[in-house]
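Since we're looking at a predicted model, the values are computed, not measured.
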Amino acid sequence: MIGVAGAVILLSTTSYLTGVPQLTSTGTIQTAVRLALPILLAGLGGLWAERAGVVNIGLEGMMIMGTWGAAWAGYQWGPWAALLSAAVFGALGGLLHAIATVTFGVNHIVSGVAINLLGAGLTKYLSTLIFFPLSHNPRESPSVPKFDTYSAPGLSEWLGELEAQQRVGLSDVAGILRGLVTGVSPLTMLAVALVIGSYLVLWRTRFGLRLRSCGENPVAAESLGVNVYLYKYIGVIGSGALAGMGGAALVLNPGQPGYLEGQTNGRGFIGLAAMIFGNWRPGGLLGGAALFGYADGLQLRSGGKTFLALIYGAVLLLAVIVIWQLVRRRWFAAAGGLVAAVALYAVYYSVDEVPSELTTYAPHLVTLIVLAVASQRLRMPAADGVVYRRG
């Protein structure tokens, strides 16, 4: 909660100093939530697999399979069928990954790369075979029905009036809250429930303890009667189902007609980065997905000028970090933060607008920066990626 409050204060201050209200506007937050959903679901899938001890870089391929499955079922039977079909297609990708890594002991990275290649090739073939006669385009499906959206009656209008008054801080908070309670889809509610449910299952049940023990010390778990192979299969298949649902979130996005070839655009890898940023925990993953979704939504809705204001916000954040490091007498870290702050401010001062070619890759750039900054405090499961053989 302290982190959330700090982020709101940072965005509000940046919006006031730069004169760019789009940083905290309702539309920006709504777009950010929609774009954070596939990243969140993919990262949640990675969390289940890696807590069971299996590295899953095949999330991208499972998401791709989920996009095709969602479009195929959604076109015929509606959005709930699309979500279920996407989970099944993603779970099939997870099953293949589990067979390769758990049963046959294939290197987890090699198997994940193979799943990514298989997902892209399989959906391309199926799209040509099934979608081309319907849409007359082998790279696109027919239009898929979307979920209805819901808003908090009364609260949304009151927050809108407060946002329109443009009061410093107060209107920013109103814009953020209104974006979270206006036009909410059932898929958003389900994703939040899955985050909470994953925490409760993995950290508050016997099943979760046994599954996590397979990712920490499978030999000890087996010695206590835990069926390590079974728990790894459950974790990886569930991981694929969640990644497939992330693909469905792309297809069911109101801004998308349906399935498009290449529409995941690396979001499976960004979901994996969000999971690592969150230190293999659901709460941290939620924060990472929100960060990457916000960067993506900001460039998509507001363009280069607003993204330039976000760079100014990064300068303010670095200034706070430098002061904190000075208080802790960590001189080298403070010097590094100061150099980075000066470099970013030079960029902000020297250009009027970030080129669109650069803002398109904003989520990917944020991924690299965040992982570089957070790498010193990460602790992955001890046996993550280790090929386990019984006995």
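Partners of R329 according to the salt bridge (Lys or Arg N to Asp or Glu O under 4.0 Å) rule, which considers only residues two or more places apart in sequence or in another chain, do not exist here. T13 is linked by a side chain to side chain donor-acceptor pair (under 3.5 Å) to nothing, counting only residues two or more places apart in sequence or in another chain. The side chain to side chain donor-acceptor pair (under 3.5 Å) test applied to R328 returns no partner, not counting sequence neighbours. Considering only residues two or more places apart in sequence or on other chains, E222 meets the side chain to side chain donor-acceptor pair (under 3.5 Å) condition with Y388. For Y312, the ring-ring contact (aromatic ring centres under 6.0 Å, His included) criterion is met by Y348, not counting sequence neighbours. Contacts of N227 classified as side chain to side chain donor-acceptor pair (under 3.5 Å), with partners at least two apart in sequence or in another chain: R390. Remark: R206 engages no residue in a salt bridge (Lys or Arg N to Asp or Glu O under 4.0 Å) (not counting sequence neighbours).
Sorted by first then second residue, the side-chain hydrogen bond (donor to acceptor under 3.5 Å, both in side chains) pairs that include residues 96-112, not counting sequence neighbours, are H97-S111, T103-Y233. Each side-chain hydrogen bond (donor to acceptor under 3.5 Å, both in side chains) pair with one or both residues in residues 156-174, not counting sequence neighbours, appears once here: S12-D172, T24-D172, T26-E163, S156-T182, Q165-R167.
Y75 belongs to a hydrophobic cluster whose other members, connected by ILVMFWY side-chain contacts under 4.5 Å either directly or through intermediates, are L134. Counting side-chain heavy-atom gaps under 4.5 Å among Ile, Leu, Val, Met, Phe, Trp and Tyr, the cluster of W68 also holds M65, W72, W77, F89, L122, Y125, L126, L129, I130, F131, Y259. With side-chain heavy atoms closer than 4.5 Å counting as contact, directly or through intermediates, the hydrophobic cluster containing L250 also holds M63.
Looking at heavy atoms from C-beta onward, P38 lies out of side-chain contact with L41 at the 4.5 angstrom threshold. The shortest distance between side-chain heavy atoms of W280 and L378 falls below 4.5 Å.
Using a cut-off of 4.0 Å between Lys/Arg side-chain N and Asp/Glu carboxylate O, E216 and R210 are scored as not salt-bridged.
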Exercise for the section: Just do the side chain to side chain contact (heavy atoms under 4.5 Å, CB included) check on W48 and N56 with the steps written out, would you? Expected result: CA-CA 9 Å; W48 274 82; N56 191 2; over 6 Å; no
Exercise for the section: Before giving the answer on side chain to side chain contact (heavy atoms under 4.5 Å, CB included), spell out for D384 and V55 the whole-Å C-alpha distance, their side-chain angles and the decisive distance to 0.1 Å. Expected result: CA-CA 6 Å; D384 193 15; V55 173; 3.5 Å; yes
Exercise for the section: Evaluate side chain to side chain contact (heavy atoms under 4.5 Å, CB included) for R281 paired with M275, printing each intermediate quantity in order. Expected result: CA-CA 7 Å; R281 296 184 69 89; M275 178 205 66; over 6 Å; no
